[in-house]
Student: 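First the structure, which I've put down as structure tokens, then a few questions once you've had a look.
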Amino acid sequence: MSDTSQITILQAINKALTDAMAEDDSVLVLGEEVADPEEGGIVGVTKGLSTRFGPHRVRSTPISEQAIIGAAIGASLAGFKPVAEIMLMNFTTVAMDMIVNHAAKLRFMSGGQTHVPIVIRTMTGAGFGTGGQHCDYLEAWFAHTAGIKVVAPSNAADAYGLMRSAIEDPDPVLFIENLPTYWTPSAAPQPGARVPLGKASVLSPGQDVTVIAYARMVQEAQAAVAVLKAGGISAELIDLRSVAPWDRRTVLESVARTGRALVVHEAVTPFGVGAEISAVIHEELFSRLKAPVKRLGGAFCPVPFSKPLETAFAPRATDIEAAVRSLLATA
Amino acid sequence: MSDTSQITILQAINKALTDAMAEDDSVLVLGEEVADPEEGGIVGVTKGLSTRFGPHRVRSTPISEQAIIGAAIGASLAGFKPVAEIMLMNFTTVAMDMIVNHAAKLRFMSGGQTHVPIVIRTMTGAGFGTGGQHCDYLEAWFAHTAGIKVVAPSNAADAYGLMRSAIEDPDPVLFIENLPTYWTPSAAPQPGARVPLGKASVLSPGQDVTVIAYARMVQEAQAAVAVLKAGGISAELIDLRSVAPWDRRTVLESVARTGRALVVHEAVTPFGVGAEISAVIHEELFSRLKAPVKRLGGAFCPVPFSKPLETAFAPRATDIEAAVRSLLATA
Amino acid sequence: MTAPTITGVTPDAATQRDIYRRMALIKANDERARKVIRAGKLVLPYYSPRGQEVIPSALSVLLTNDDYICTIYRGIHDMLAKGVPLKDLWAELAGRVTGTCKGKGGPMHITHPKSGVMVTTGIVGSSMPIANGLAWASQIKGDGRVTVAYFGDGASNIGAFHESLNLAAVWKLPVVFVCQNNEWGEHTAYEKATSARQIADRAVGYAMPGARVDGNDPFAMYAAAKDAVDRARAGGGPTLIEAMTYRFHGHVLGDADAYMDKARKEAAVAADPVPRFRAHLIAEGIATEAELAEVEAAIEAELDEAVAHALASDYPTVEELARDVFAPEAVVGEAA
Amino acid sequence: MTAPTITGVTPDAATQRDIYRRMALIKANDERARKVIRAGKLVLPYYSPRGQEVIPSALSVLLTNDDYICTIYRGIHDMLAKGVPLKDLWAELAGRVTGTCKGKGGPMHITHPKSGVMVTTGIVGSSMPIANGLAWASQIKGDGRVTVAYFGDGASNIGAFHESLNLAAVWKLPVVFVCQNNEWGEHTAYEKATSARQIADRAVGYAMPGARVDGNDPFAMYAAAKDAVDRARAGGGPTLIEAMTYRFHGHVLGDADAYMDKARKEAAVAADPVPRFRAHLIAEGIATEAELAEVEAAIEAELDEAVAHALASDYPTVEELARDVFAPEAVVGEAA
Ligand SMILES: Cc1ncc(C[n+]2csc(CCOP(=O)(O)OP(=O)(O)O)c2C)c(N)n1
Ligand SMILES: Cc1ncc(C[n+]2csc(CCOP(=O)(O)OP(=O)(O)O)c2C)c(N)n1
Ligand SMILES: [Mg+2]
Ligand SMILES: [Mg+2]
């Protein structure tokens, strides 16, 4: 990486954590392997933090996800802003009580007396042959839960800016990191720059169709949009960045113009994030739509191990391209 | 209840379990308090089973939801058909790993060598002042999970028939029981009658609009439909019964005729079951729709304790009526 | 019940009276609550703490408002002993806007940070993981606070118990885990659910001090609590206390409790710790009958006032459904 | 390593040779796997069991194909010791349709009911709750089968461990919990994560027999396993065995293991249990050098064949994505 104006998502998150901890003593980090004696995280996202900020503020934990989120919640009730890592998204399944029944609800149930300003970092992403229990895409569960926000950046600047905002946000935020894109370089963030929660970004403007994606699917969509452009089709690409709350205004404004929309995610299609976005677009823009909103998601099965199946599991650029073409063929 | 042709949902489920256990030695029941020394369940759904079928087949458990589902999975791998109770749906949050990473995936991950024919019974429902951690409606989470089916009956006959089918089904089924409707009498099932999984039932035919509901919302919808009928509006009411897989054919056939649809559930609207149904209806019937599909769900917050708030949380008959009228006013 | 003589471990006379006042408050509050609910004036799921008065009373005299507790649905005794004001508490039980939580939390989710009640939970076992976090905060700040996590015997069988005790031990957190072993978890007897001969045995697996004590004996309970609280404050790490007690009523008000052994229950009720301690105080000359009667009368008067306040208060308006889901000031895109 | 003399607890000569054959198979398989992966012929996450050969080898000689095991991502030694055929196993590692799971499960999810391998899990702690269910089935049927749940030291800190051991004890299930304490959980050292002086101590909290044994000593391991398996078969309930061992490599192939103490690791590797047991067998006249060399050669030949078979097999077709999600025969409405 010779271009110093480019960094990876992994570096961006490390930098965001470092900057936040340096600026604010109340920011803590905990999770399995996060401290430096344990190598600063399984792929090094939290490297250097414990050395710089000490073992009180940065703690490796036992393999005890309920205890991890519980400790984060409790510390947040006492004024801290903990960033808790649940190594992989599938492991949130053992901590759902803490996340959903407590972190997301304490503000409401206490009538606003307490609140839970925690960030839950978690990684996921198929592509490494880890199979059915290591790369689920569960964002829809949390989006369906009142009281917690969900973000899923696709590039370094957004990762940095969303992490800074997530840490400062007074409520719990699930911060989803996509493993296969960790090492992809992109434009470095301005130091300290925040990306607001709940704001999408329009990556490329277009007139014919709106493509809505987040996390790794943005890269696939970008490739598809480039091919489509070469073929004379002008697709507007929206990177959702925040899944909940999502940026209705930006999405609706775009689809109102294009009249056509495609939502893409890696999670399985049924009852996924795409369903909500599709439903809202239809509700709000019924008479302006030229074709029904299309959804592309992962195959309706656990993530398979075998390489050809794993590759076929999630939508690819060619699938996105084909879906856009079929959208344009309608009506 | 003088009418002997009527029984309650609670009685119907008890009868389904009794009949299934009597017919098939491989059916087991486990969960907190399910055996008779512990009063056959917190409201008596499993009463009499342990006395009749013995402590090997009907077992009260410690408060250990992971162990409960794990035991059910393991026994199913060895040829049994366990019916496991997770007392309240909120407590599934401590057993999500067992349900989602194991029960739902073992058939796929084993390449079809093993499968997990378990039923997970769970109760939920606001109305008793139990507040934020005792009456969540989490069906969308499971519907979004490949490998597990989800049913939610609204009357005694369906409860009986779906339970019989769920027990016989070779894959895991989440069986959602609505607490506030447990004691409502309705037509008794024919002994042994199965209700197929994945089949909706049309409760009242209509021409102007299709109302799609399940569980307790069916009762509210029935009341609304009656009022609408008196006012000259003919609403077709579909009781979904199975949430996943849901009966696309019946729903689409109906909406193709009426051109208008309303989906009602108690779960919060965003990213809920209604989103999927709305998205599919739009995808399939885009040009036949006279108005965009409408969704009614619970308020976007945890279930509140205070009575007026608790009452206002979920859609009521009057809300359904108003939503139908506004649907008819469109276009 | 005889006062132990180890210096510094026996509560002094004022402290004994203080413990009794808290116990009497819990008992009177419970009787009032059952009366008011049975009369149909309030509708709520009510988990009686009758029989368990000693545990939080003997412990809370060792705590200040700055110390934290996390408790459970059956935790009204813990809250009262910790000092949650009666009016706010009752207004919450009544679901009124004047309640601790504006009526939104209800009996299973009382929060009152001013008296250190940080979490009340309805999910078995979940008081413990959160207590660790509060204790971690104190450890970082060095503020000397102690966090108490209350839970039941049934809760000692759920995963969160294990993860929490292990983490607290590894991190040497200033937390006291207090298991109120009332012999029942809903309708399930201790031995049907719990393999340990005694729950205190489980402390061994965390290399943590653990003790089973008579939780109905204020002296035994005070001594065990003092040992644990002192250790926590001094940076010595967590303790597991298994406080033996008995649940006088069914699991929840309305539960006919037919599954409970009658003789065992009658014996427990006959040994009611509240009148027992009262008699002790008088017999030992620590308080006079008149003094205690005055304390009790004051409690009744306070209860009259609290109930009246609660019933006279307004309900929250439905706008509250949309409030406190997220911070009002949070800068986000349009809400989902 | 000296053979204990208690009658019935020392494996006889044939059993010792059998244990060695399994150990040699695990070691050779591991070396082959690392070679094949390093050569780029296969791509998979690989969790080496090197150093832990004794545990499942000494245990599995006490089991039949009818007995069940539930194991974990680092469980290829458990599978091999239990008898999963090499060809099927390698084809699964290669993601081929000829694999145990048609390539759909992969290394972390090997299932092979014919040899009793019922579950392999990637979620820490989750082998135990499912093992209980298999054991419950045996208890109901009275089929005398034993279920073994393998897991790591790190897994002893997760909630599922606790719930499982408690349930097994209360229900007296025929299950053996085998903790392979290799001193590491990923990059985390035992004492950073685990409060117990020894994991075996945790058995006390379940009133369950528990023992720490030298898991690298085939005699000690066999004796402990026999005690536990016999107890389970006889209806005497569960046992917790903490088998001490050491992970020779990093957590996953590719992990540079810089966090591991070099001297400790070198000492462990120097005490490699496989050549040690080999030397013992020869020294004691239980097997000759030639006999063992023949066993090892046969293993290498079998490995050659298995790898070739795997690499020559077809991948599953993408239609497999839609298969095995639900039973094909399930009568349901239209799929969602
Ligand atoms: C995770 C979970 N499972 C089940 C329940 C239902 N439940 C509520 S109280 C209770 C019994 C708890 O017993 P114990 O811990 O001894 O506390 P006690 O009620 O005796 O004070 C159960 C099973 C729950 N609230 N949470
Ligand atoms: C619930 C859960 N949390 C975290 C992980 C990530 N993880 C995989 S292996 C591992 C270490 C397990 O250590 P141990 O139990 O000692 O087994 P070993 O790998 O040493 O055999 C961790 C933390 C996981 N797989 N599941
Ligand atoms: Mg109890
Ligand atoms: Mg280990």
Side-chain angles (χ1 to χ4, degrees), chain B residues 25 28 30 56-57 59 61-80 82 94-95 97-98 101-102 104-115 117 143 146-147 149 165 169-171 196-200 242-250 276 280, chain D residues 68 70 92 97 99-106 108-114 118-123 125-126 128-141 145 147 159-160 162-164 166-168 170-171 173 316 320 323-336:
Chain B
D25 280 352
L28 310 176
L30 75 163
H56 259 354
R57 291 179 61 197
R59 287 201 182 170
T61 66
I63 310 171
S64 307
E65 281 79 3
Q66 298 190 64
I68 292 170
I69 303 298
I73 294 171
S76 82
L77 294 177
F80 287 97
V94 292
D97 168 49
M98 281 292 134
N101 287 326
H102 304 275
K105 290 178 180 170
L106 282 174
R107 179 188 286 276
F108 186 89
M109 296 195 309
S110 73
Q113 293 176 96
T114 60
H115 63 118
K149 295 168 186 165
S165 297
D169 193 84
D171 291 303
L197 305 182
K199 282 267 166 254
S242 287
V243 170
W246 58 283
D247 189 345
R248 294 164 64 121
R249 186 174 310 174
T250 298
E276 176 67 21
V280 169
Chain D
Y68 298 123
C70 295
E92 189 63 27
V97 72
T100 50
C101 312
K102 298 195 257 176
K104 296 166 86 166
M108 287 207 251
H109 304 298
I110 305 284
T111 302
H112 194 258
K114 278 188 217 123
M118 300 307 288
V119 171
T120 299
T121 175
I123 307 291
S126 61
M128 293 171 269
I130 301 177
N132 277 344
L134 290 158
W136 180 29
S138 293
Q139 188 179 59
I140 297 173
K141 293 183 193 165
R145 295 184 194 204
T147 301
H162 179 66
E163 295 191 7
S164 302
N166 183 59
L167 185 78
V170 172
W171 286 8
L173 296 175
E320 284 296 337
R323 283 194 202 123
D324 304 320
V325 178
F326 292 112
E329 72 275 19
V331 181
V332 292
E334 285 192 86

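In what follows, chains are A, B, ... by sequence order, proteins preceding strands, each numbered from 1. Below, each value reflects all heavy atoms present in this structure, side chains not excepted, and no hydrogens, waters or symmetry copies.
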Student: Top residue by heavy-atom pair count (under 4.5 Å) with chain B, among D/N132, D/N166, D/V170, D/T100?
Tutor: D/T100
Student: Go through the structure and list residues passing side chain to side chain donor-acceptor pair (under 3.5 Å) with B/Q113, not counting sequence neighbours.
Tutor: none
Student: Examine whether an atom of D/V97 lies under 4.5 Å from a heavy atom of chain B, and if so say whether it belongs to the side chain, the backbone or both; otherwise answer neither.
Tutor: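 Nothing of D/V97, per the 4.5 Å heavy-atom cut-off to chain B.
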Student: Heavy-atom distance under 4.5 Å to chain B: side chain of D/A131, backbone, both or neither?
Tutor: neither
Student: Quick one: CD1 on D/I130 to CG on B/L106, what's the gap to the nearest 0.5 Å?
Tutor: 5.5 Å
Student: Please give me the minimum heavy-atom distance between D/W136 and B/A75, naming the atom from each residue.
Tutor: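 Here D/W136 and B/A75 meet closest at CE3-CB, 3.9 Å.
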Student: Below 4.5 Å, heavy atoms only, C-beta onward: do D/L167 and B/P62 meet side chain to side chain?
Tutor: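 In contact.
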Student: If you look at every heavy atom in D/E163 and B/Q66, which pair is closest and at what distance?
Tutor: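 Taking D/E163 first and B/Q66 second, the nearest heavy atoms are OE1-N, 2.9 Å.
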Student: Quick one: of D/K102, D/E92, D/K104, who has the most non-hydrogen atom pairs under 4.5 Å with chain B?
Tutor: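 Sorted descending by pairs with chain B, the first entry is D/K104.
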Student: Heavy-atom distances under 4.5 Å only: say whether B/L77 touches chain D with side chain, backbone, both or neither.
Tutor: both
Student: Report the option among B/R107, B/H56, B/M109 that has the most heavy-atom pairs separated by less than 4.5 Å from atoms of chain D.
Tutor: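 Between B/R107, B/H56, B/M109, the count favours B/R107.
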Student: Between B/F80 and D/K141, which heavy-atom pair has the shortest distance, and what is it?
Tutor: CE1-CE, 3.6 Å
Student: Checking D/Q139 against chain B: side chain, backbone, both or neither under 4.5 Å from a heavy atom?
Tutor: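 For D/Q139, backbone and side chain are both near chain B.
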Student: Decide yes or no for B/T114 and D/P113: does some side-chain heavy atom of the first lie under 4.5 Å from some side-chain heavy atom of the second?
Tutor: yes
Student: Heavy atoms only: give me the nearest D/P129-B/M98 pair and the separation to one decimal.
Tutor: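 Result for this residue pair: CG-CE, 3.5 Å.
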Student: Using non-hydrogen atoms and a 4.5 Å limit, figure out which bit of D/L173 sits close to chain B: side chain, backbone, both or neither.
Tutor: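 Contact with chain B: side chain only.
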Student: If you tally heavy-atom pairs under 4.5 Å against chain B, which of D/C101, D/P316, D/S138 wins?
Tutor: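 Option with the greatest count: D/C101.
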Student: Of the non-hydrogen atoms in D/E320 and B/F108, which two are nearest, and what is the gap between them?
Tutor: O-CE1, 3.6 Å
Student: Are the side chain of D/D324 and the backbone N or O of B/S110 linked by a donor-acceptor pair below 3.5 Å?
Tutor: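 Here the side-chain-to-backbone pair does not exist.
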Student: Going by side chain to side chain donor-acceptor pair (under 3.5 Å), name the residues that satisfy it together with D/R145, two or more places apart in sequence or in a different chain.
Tutor: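 Per chain and number, D/R145 pairs via side chain to side chain donor-acceptor pair (under 3.5 Å) with D/Y68, D/D143.
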Student: Is B/I73 close to D/V119 at the side-chain level, that is, under 4.5 Å between some pair of heavy atoms?
Tutor: no
Student: Tell me, with the steps shown, if D/T121 and B/H102 meet side chain to side chain contact (heavy atoms under 4.5 Å, CB included).
Tutor: CA-CA 8 Å; D/T121 175; B/H102 304 275; 3.2 Å; yes
Student: I need the residue from B/E65, B/R59, B/H115 with the largest number of non-hydrogen atom pairs under 4.5 Å to chain D.
Tutor: B/R59
Student: Taking the side chain as every heavy atom from C-beta outward, state whether D/F326 and B/L197 have any atom pair closer than 4.5 Å.
Tutor: no
Student: Under 4.5 Å heavy-atom distance to chain B, tell me which part of D/I123 shows up: side chain, backbone, both or neither.
Tutor: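 The side chain, not the backbone.
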Student: Between B/D97 and D/S126, is there a side-chain heavy-atom distance shorter than 4.5 Å?
Tutor: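 Yes. Closest side-chain heavy atoms under 4.5 Å.
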Student: Where is the tightest heavy-atom contact between B/D171 and D/A327, given as atom of each residue plus distance?
Tutor: OD2-N, 2.7 Å
